[in-house]
Amino acid sequence: MAIVSNTPGLSIETPAGPLTTSAHHPVIRFLVKRLAVGLLTLLIASMLIFVATNILPGNAAVVVLGRSATPTVLHHLEAELGINHPLAVRYLSWLGGMLHGNFGQSAVAKAEGRPDSAISFTLGSPLADSAILAGLTTLLLIPLTLLFGVLAGLFARRKLDHVISVPSVVMSGLPEFVTGTALIFIFFTELNILPPIALLNPGQSPFSDLKALILPVLTLLAVAVGSGVRQVRAGMIKILQQDFIRFARLNGIPEHRVILRYALRNALAPSVQVIAQNLQYLVGGIIIVESVFTYPGIGTYLVTAVTSRDVTEVQAAALVLAALYIVINIVADLIVVFLVPKLRTAIS
Amino acid sequence: MNTAVLPRRRRARWPELLAHDWGGRIGAILLFIVVGVALFGSSFAPHGSTVTIGIPGLGPSPGAPLGLDFVGRDVLSRTLDGGRSTLLLGGAATALTYLVGVTIGLAAGNARSLVDPVLMRSVDVVLSFPALLVMLLAVTAFGSSRTVLVGAAALVLFPGVARIVRTATAEVATKAYVEAAVASGERAIAIIRREILPNVMPPIVADLGIRFSWSIILIASVNYLGLGLQPPTADWGLMVSENRGIISTNALAVIAPALMLALLIVAVNLVGDAYVRQLGRSKSEP
């Protein structure tokens with residue numbers, strides 16, 4: 001499932017905002033504008049997350065203690081979790097805490113009297129594990145997307161194109177849990193060469209059991225590469241029909257040079273956006289892939305928190321994921337602007 | 001191209017589409033079969049979909065050709081029954097997506113005021129969240145019910161439709177025939193219905209396949225995570241996850257629902273792609 005929104009990105013109509021910086025250089029102005037819009041989006045996102053997690057009647061204290069809790073005990077826990085204040089007050093204190101790296105206390109852990117109830121403490125390890133999973137996927141994702149996309153574009157409507165494109169179309173359309181389950185069936189049930197789960201002991205590094213990472217990475221790759229290949233292929237076909245390619249060929253420039261120096265270079269800029277979309281996809285895709293393989297990352301953390309209605313944990317994980325999503329989008333826009341000189345004049 | 005010829009209405013004709021396009025043809029046949037199974041399969045089910053009939057995880061037998069699931073229910077009966085929720089919830093979410101998306105797109109595209117930027121910026125906010133995260137937040141906020149699943153999927157998907165409709169509307173709204181209709185004092189509703197809507201239809205329909213398959217995937221994924229439809233409901237997404245533990249004893253309990261889901265999505269995408277190809281063809285030919 002490669003559901004990636006095409007956020008406004010480079011569209012020139014992005015609201016300027018009343019920025020009166022002295023920066024006159026178009027790229028710097030674009031950068032400042034883009035960062036401002038990004039920060040504003042993040043702020044709105046944090047509000048929406050906070051409101052959404054506070055809509056449900058029966059707060060965390062009720063959920064944790066059960067409906068039969070005595071009013072005194074309930075009141076005590078509410079005060080301890082700070083959920084007896086009005087919504088706006090709680091939002092501001094929550095946001096303030098976030099800015100100081102204080103993600104609050106896990107409501108469930110606190111009620112159960114566990115010592116490790118601080119979320120900034122419990123969130124670190126899942127986040128690192130997810131980063132490793134996403135990092136490994138990215139390392140393979142970029143070369144594979146470009147290689148298959150360019151090849152399919154060069155051999156458009158020929159055999160090699162079909163061999164690449166047909167599986168890409170199928171893979172990019174399937175939900176991760178279907179692909180993941182199919183891989184488990186093939187490599188565990190039938191061949192029995194790879195483990196079906198990637199469970200780690202507390203404190204265990206994902207690198208200590210690389211074999212367990214193969215299937216989660218493959219699942220993410222299947223979806224992300226599949227959708228990326230289609231777009232890079234389309235971009236490549238479009239470039240190859242341009243006049244400057246025809247003229248380069250007519251000038252007798254060797255074909256490999258035409259492709260490497262002329263076509264590929266121009267196909268690269270749109271590809272950066274395609275790859276950025278795929279990285280954004282990973283932020284969402286990791287949620288379900290981690291669940292399929294019970295990998296202890298941020299996705300599993302979020303799903304567990306939603307299941308146990310641990311509101312503070314949901315807020316923290318959701319905000320981290322939303323922030324990553326927004327940051328990737330901004331970085332991608334900046335890279336594209338630096339790669340394509342034409343856009344630098346367009347944005348001024 | 002002869003410029004004197006008025007541009008024809010760009011419409012893909014379905015029979016033509018299926019006669020010339022292998023992808024579309026295969027997709028249509030697959031879609032017909034899977035939708036048939038999803039809608040009417042339960043009346044041919046040999047057993048009740050929530051009845052325990054034997055040992056959990058038992059392999060295929062004459063009485064149960066696909067074996068039994070993790071609590072001993074007939075996998076064939078549950079697979080025949082589990083597509084209805086997938087199809088209907090996905091269909092409802094798609095319908096709601098278009099209802100909201102087209103309304104907002106038309107309003108923004110026609111408005112020559114602050115309404116346009118305000119609407120489109122609010123739409124952008126939704127796009128700054130990963131899709132599945134929106135679904136999970138919706139479930140956290142409103143609990144797991146069919147209404148929440150449909151509403152959340154529509155919330156994720158309507159911005160795309162709104163954008164497409166807004167762009168197409170803004171383009172048409174400045175055309176002379178629209179100006180003429182405005183000048184002759186036609187009511188806004190009539191202008192939208194007669195002049196604008198027919199022109200924004202092709203891009204809307206071209207997108208239908210993708211939105212429908214995304215609706216199905218989003219809802220199935222939430223069901224898979226156990227945060228959507230609750231047991232003992234028979235649902236393809238839920239069945240894949242609840243039978244994970246018995247994949248070694250009766251893999252069919254996982255494969256049957258997963259395969260049906262995969263076939264449905266591939267079929268929808270094939271038909272959608274064929275329509276887009278047809279649209280492109282009729283656009284390039286005068």
Side-chain angles (χ1 to χ4, degrees), chain A residues 1 3-8 13-15 37-38 41-42 44-45 48-49 51-56 169-170 172-179 181-182 184-185 188-190 196 280-288 291-292 299 302-303 305-307 309 311 314 317-318 321-322 324-326 329, chain B residues 23 117 120-144 156-157 159-160 163 209-210 213-214 216-218 220-227 236-237 240-241 243-244 247-249 251 254-255 257-259 261-262 265-266 268-270 273:
Chain A
M1 162 180 81
I3 300 184
V4 172
S5 50
N6 9 15
T7 357
E13 69 218 17
T14 331
V37 172
T41 316
L42 191 55
I44 298 172
L48 289 177
I49 289 170
V51 171
T53 45
N54 277 289
I55 288 176
L56 201 69
V169 173
V170 175
S172 66
L174 293 182
E176 295 85 355
F177 71 89
V178 168
T179 315
T181 306
I184 291 176
F185 174 70
F188 170 69
T189 315
E190 290 299 302
Q280 272 194 315
Y281 151 75
L282 285 184
V283 176
I286 218 164
I287 299 176
I288 192 144
S291 293
V292 172
L302 175 67
V303 172
V306 172
T307 312
R309 297 237 173 280
V311 171
V314 175
L321 288 173
L324 278 173
Y325 203 73
I326 294 167
N329 196 15
Chain B
M120 293 326 283
R121 286 316 137 225
S122 338
V123 161
D124 286 344
V125 171
V126 182
L127 290 179
S128 62
F129 282 93
L132 200 58
L133 184 59
V134 177
M135 301 290 292
L136 294 185
L137 283 174
V139 169
T140 311
F142 303 105
S144 320
V156 172
L157 296 175
R163 277 216 185 139
I210 308 172
S213 69
W214 281 356
I216 294 169
I217 290 172
L218 279 174
S221 296
V222 177
N223 287 336
Y224 175 85
L225 291 175
L227 297 168
W236 289 341
V240 175
S241 78
N243 290 313
R244 268 187 304 179
I247 194 165
S248 306
T249 46
V254 174
I255 291 176
L259 190 68
L261 208 49
I265 292 162
V266 168
V268 170
N269 285 343
L270 280 176
D273 285 353

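Residue numbers begin at 1 in each chain, while the letters A, B, ... track the order of the sequences. Given the structure is predicted, the values throughout are model-derived calculations rather than measurements.
Looking at A/Thr307, the atoms closer than 4.5 Å to chain B (heavy atoms on both sides) sit in the backbone and in the side chain alike. Heavy atoms closer than 4.5 Å to chain A are found in both the backbone and the side chain of B/Leu136. For a residue to count as touching a neighbouring chain, one of its non-hydrogen atoms must lie under 4.5 Å from one of that chain's; by this rule A/Leu42 does not touch chain B. Residue B/Leu133 touches chain A through both its backbone and its side chain, counting heavy-atom pairs closer than 4.5 Å. For A/Leu324, no part sits under 4.5 Å from any heavy atom of chain B, backbone or side chain.
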Could you give me the CA-CA distance, side-chain angles and deciding distance for A/Val169 and B/Asp273, then say whether side-chain contact (heavy atoms from CB on, under 4.5 Å) is met? CA-CA 10 Å; A/Val169 173; B/Asp273 285 353; 4.3 Å; yes
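Nearest approach of A/Ala52 to B/Ala141, heavy atoms of both residues: O-CB, 2.9 Å. The two residues A/Val178 and B/Ala258 have their closest heavy-atom pair at CG1-O, 4.0 Å. Between A/Pro175 and B/Ile265, the closest heavy-atom pair is CD-CD1, 3.5 Å. Between B/Leu132 and A/Gly284 the shortest heavy-atom distance is CD2-O, 4.2 Å. When every heavy atom of B/Pro130 is checked against every heavy atom of A/Tyr325, the shortest pair comes out as CG-CD1, 3.6 Å.
Taking the side-chain hydrogen bond (donor to acceptor under 3.5 Å, both in side chains) definition, one finds that B/Ser213 meets it with B/Asn269, sequence neighbours left out.
At least one side-chain heavy atom of A/Val314 sits under 4.5 Å from a side-chain heavy atom of B/Leu137. In this structure, B/Ile247 and A/Pro196 have side chains that are not in contact, with every pair of non-hydrogen atoms separated by 4.5 Å or more. Between A/Ile288 and B/Leu225 the shortest side-chain heavy-atom distance falls below 4.5 Å. The shortest distance between side-chain heavy atoms of A/Phe188 and B/Ser248 falls below 4.5 Å. A heavy-atom distance below 4.5 Å is found between the side chains of B/Leu261 and A/Phe177. Side-chain contact check for B/Tyr224 versus A/Val292: some heavy-atom pair is nearer than 4.5 Å. When side chains are defined from C-beta on, A/Leu321 does not count as touching B/Phe129, because their heavy atoms never get closer than 4.5 Å. Using a 4.5 Å heavy-atom threshold, the side chains of B/Val266 and A/Leu174 count as touching.
For the set B/Ile255, B/Val134, B/Leu259, B/Ile216, the entry with the most heavy-atom pairs within less than 4.5 Å of chain A is B/Ile255.
To the nearest 0.5 angstrom, B/Ser122 atom OG is 8.5 Å from A/Ile44 atom CD1. If you take CG on B/Leu127 and CD1 on A/Ile326, they are separated by 11.0 Å, rounding to the nearest 0.5 Å. Taking OG1 from A/Thr41 and CZ from B/Arg121, the interatomic distance works out to 10.0 Å, rounded to the nearest 0.5 Å.
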